[in-house]
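Data first, discussion second: the structure below is written as structure tokens.
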Amino acid sequence: MIAVLKPNTSPEQREHLINWLKTMVTDVHISEGKAYTVLGLVGDTSRIDPELLESLDIVESVQRVSEPYKKCSRQFHPEDTVVEVGKAKIGAEFCLIAGPCSVETEAQIIDVAERVKAAGADVLRGGAFKPRTSPYDFQGLKGEGLRLLSEAKKVTGLPLVSEIMSIDTLDLFEDVDIIQVGARNMQNFDLLKELGHLDRPILLKRGLAGTLKELLMSAEYIMAGGNEKIILCERGIRTYETMTRNTLDLSAVPVLQERTHLPVIVDPSHATGLSRLVPPMALAAAAAGADGIMVEVHNDPAHALCDGAQSLTPEQFADLSSRVRKILEAMKA
Ligand code: PEP
Ligand code: MN
């Protein structure tokens, strides 16, 4: 961390500040310029609040040299993390996650699972605990939904991803291969801390108004507890635009990949809210270098209990899957 002092700082004020800083860091390097003095703080700066330091009368500005997210930072872990789930190696090979927004019936989930598998999906998604804006909307089949997902896994062999909303329901997720933290819970720190104690992959979605730094800090919460199997997901953020459900921030993919070794996938379904917009944004995500996509697929979108408007049919998903492969091939060339 670097602190620049204001030109009119007296030697006593400077001395006082340096002595205080030395109680928290290993050393303070002083470089004197004509007008400004620059203090270089050496060692662990985690006990220093940069905003507090910058608020002092004699401090002009404060800059961090390293980021506050350590475990998920590429700085200290240059090689990509690969999260293995079933046959999928997320972070090493492109991963296709597909399935309905919500599990509705046994026939529905098994039909969708079989058809997305045939189209090349690596992981089956399906919500059982649904975070709905209205309490009167379908809230998910909960434990029964997870049981039906298990049936679909038995039939197809596809690993599962499903969203958790409360740690109290963790026992029900025994057969779920990847536990999803939804956008609304990105900063549910108590939940993140609990998931940090598991030895199970976590799919962490970006919050509706979450910055990339906040997303990385949330991943850090999970990693700080010991669980390093995290997949990040860009799913669109809330902006002033109303023609799409959210605004897909595709630059999040290369930006996150620069900053972190964790895999980064894209959810074009919640990002756009409209099924016809899903294929172009899914292809763009693959072209941007995402490690995978998560797409909502329903066998009868018109009658879906949740998010029918953004759900692809299995046929549309099969078409998308083969087009994604072509993008990936083209990118190898
Ligand atoms: C979901 O993937 O089922 C979901 C609710 O998405 P998000 O948390 O991104 O809104
Ligand atoms: Mn949905």
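These values consider heavy atoms only, across backbone and side chains, with no hydrogens, waters or symmetry-generated copies. For ligands, and for the atoms within them, numbers begin at 1 and follow the listed sequence.
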field: Listed protein N/O/S atoms, distance to the Mn ion (ligand 2) under 2.8 Å
entry: Cys101 SG, His270 NE2, Glu296 OE2, Asp307 OD2
- prompt: Quick one: does Arg206 get within less than 4.0 Å of ligand 1, heavy atoms only?
  reply: no
message: With nothing but distance in play, are any N or O atoms of Asp267 less than 3.5 Å from an N or O of ligand 1?
response: no
message: Taking 4.0 angstrom as the limit and counting only heavy atoms of Glu163, give me the atoms of ligand 1 inside it, by number and element.
response: 4 (C), 5 (C)
query: Going by an N to O cut-off under 4.0 Å, is there a salt bridge joining Arg74 and Glu67?
result: no
Atoms in ligand 1 flagged as close to Gly182, the criterion being non-hydrogen separation under 4.0 Å: 8 (O)
- request: Run the numbers on Glu315 and Arg115 for salt bridge (Lys or Arg N to Asp or Glu O under 4.0 Å), then give the verdict.
  value: CA-CA 8 Å; Glu315 293 77 15; Arg115 291 163 79 182; 2.7 Å; yes
field: Numbered atoms of ligand 1 (with element) below 4.0 Å of Arg184, judged on heavy atoms
entry: 7 (P), 8 (O), 10 (O)
message: Quick test of your reading of the model: are Arg200 and Asp177 salt-bridged, counting only N-O distances below 4.0 Å?
response: no
field: Over 12 non-hydrogen atoms of neighbours within 6.0 angstrom of CG in Asn19
entry: yes
- prompt: Salt bridge between Lys154 and Glu151, side-chain N to carboxylate O under 4.0 Å?
  reply: yes
field: Asp307 and Arg245 ion-paired at < 4.0 Å
entry: yes
task: Give a yes or no on whether a salt bridge exists between Lys130 and Asp137, defined as a side-chain N under 4.0 angstrom from a carboxylate O.
output: no
- request: For Arg235, take its heavy atoms, then give the atoms of ligand 1 lying under 4.0 Å from any of them.
  value: 7 (P), 9 (O), 10 (O)
message: I need the minimum non-hydrogen distance between Phe138 and Val103, along with the two atoms involved.
response: CZ-O, 4.0 Å
message: For atom 3 (O) of ligand 1, what is the closest protein heavy atom, and at what distance to 0.1 Å?
response: Arg125 NH2, 2.8 Å
- prompt: Which residue owns the protein heavy atom closest to atom 6 (O) of ligand 1, what's the atom, and how far is it?
  reply: Lys205 NZ, 2.9 Å
query: Any link between Phe173 and Leu192 through a network of hydrophobic side chains (Ile, Leu, Val, Met, Phe, Trp, Tyr) touching at under 4.5 Å?
result: yes
- request: Can you spot which of Leu212, Leu232, Val255, Asp80 makes a side chain to side chain contact (heavy atoms under 4.5 Å, CB included) with Thr260?
  value: Leu232
- prompt: Ile265, Ile327: one ILVMFWY side-chain cluster at the under-4.5 Å cut-off?
  reply: no
statement: Ranking Arg245, Glu234, His270, Met186 by closest non-hydrogen atom to atom 4 (C) of ligand 1, top hit is His270
task: Could you list the atoms of ligand 1 found under 4.0 angstrom from a heavy atom of Ala183?
output: 7 (P), 8 (O), 9 (O)
